[in-house]
Enquirer: 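Submitted below is the structure of interest, expressed as structure tokens.
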Amino acid sequence: MAQAVSPNTNRRTKFTEDQLKILIYAFNQKPYPSYATKQRLALEINTEESRIQIWFQNRRARHRFQKRSEPEEHLESSQDEDHPEEKIQSRGDRRCRTSYTSSQLHTLIEAFMNNPYPGIDSRQQLAIEIGVPESRIQIWFQNRRSRFHVQRKREPDEALEQRQDQGKISEVRVQGIETTQNGTDLTSDSYSSGARTR
DNA sequence: CCGCTAACATAATCAACCG
DNA sequence: CGGTTGATTATGTTAGCGG
């Protein structure tokens, strides 16, 4: 467990003034940083790239909200195709797509069946186990959950069309939250026998 | 107690990889 | 090609911490 540079195991990250200064500066330059930029920032302020990504997401969200209150700067009519100097290289520059081996997928799927909402510690453990960054694990679970729900939604086709069904999203949400919070028990070890996926 | 905001959720969409 | 699926986004919610 050599957690060399990761002071935030559990606690919410607290950026220092200097870190915030750098982040805000970068945000003002480019609210949609490329992957390379995010990596560089992570290195520069000594934090993980995933924290950078979260920070930018939150910051953009807040800015959007503010804009509704102050819509005085609109320049949407011009479709900026190519900037002469700014060079928005962020387009298309994303993290390389991770490809999982079948054994890695097997482990992930098994963990998913045990608990589709693993907490930070479970994800980190999983990350070490299969040798993949924790942030990729989180993305994998997000995608998996989302697509699983979509499938269940598209299923009801044999019931003809009985309109008037709606309103059961909160159910899922609540369950998810709870499991995330307290589901630290069964995930820690899990039984490795019996669960024969296929 | 409250406001701010990191962390995390889903859904939609982009895009890489592969049969 | 088109389907599968990893990466990114907008948007909304929950929880921790400082005032």
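Convention: sequence-line order gives letters A, B, ...; per-chain numbering from 1. Quantities reported herein were computed from a predicted structural model and do not represent experimental measurements.
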Enquirer: Please determine whether a side-chain nitrogen or oxygen atom of R97(A) lies at a distance below 4.0 Å from atom OP1 or OP2 of dA15(B).
Expert: no
Enquirer: Within less than 4.0 Å of OP1 or OP2 of dA7(C), is there a side-chain N or O belonging to R136(A)?
Expert: yes
Enquirer: Measure CG/N143(A) against P/dT9(C) and give the value in whole Å, please.
Expert: 14 Å
Enquirer: OP1 or OP2 of dT9(C) versus the side-chain N and O atoms of R60(A): is any pair under 4.0 Å?
Expert: yes
Enquirer: Tell me whether the OP1 or OP2 atom of dC4(B) has a side-chain N or O from R62(A) closer than 4.0 Å.
Expert: no
Enquirer: Does dA9(B) have its OP1 or OP2 closer than 4.0 Å to a side-chain nitrogen or oxygen of R145(A)?
Expert: yes
Enquirer: If only side-chain N and O atoms of W55(A) are considered, is one of them under 4.0 Å from the OP1 or OP2 phosphate oxygen of dA6(B)?
Expert: yes
Enquirer: Can you find a donor-acceptor N/O pair under 3.5 angstrom joining the side chain of R147(A) to the base of dT4(C)?
Expert: no
Enquirer: Are any of R123(A)'s side-chain N or O atoms less than 4.0 Å away from OP1 or OP2 of dC8(B)?
Expert: yes
Enquirer: Hey, which of these two, N58(A) or P31(A), hits DNA chain C nearer its 5' end, going by closest nucleotide?
Expert: P31(A)
Enquirer: Does the side chain of S146(A) get closer than 4.0 angstrom to OP1 or OP2 of dA9(B) through an N or O atom?
Expert: no
Enquirer: Between F141(A) and L126(A), is there a side-chain heavy-atom distance shorter than 4.5 Å?
Expert: yes
Enquirer: Using a cut-off of strictly less than 4.0 Å, decide whether Y117(A) has a side-chain nitrogen or oxygen near OP1 or OP2 of dT10(B).
Expert: yes
Enquirer: Round to a whole Å and report the spacing from CG of L105(A) to P of dG6(C).
Expert: 7 Å
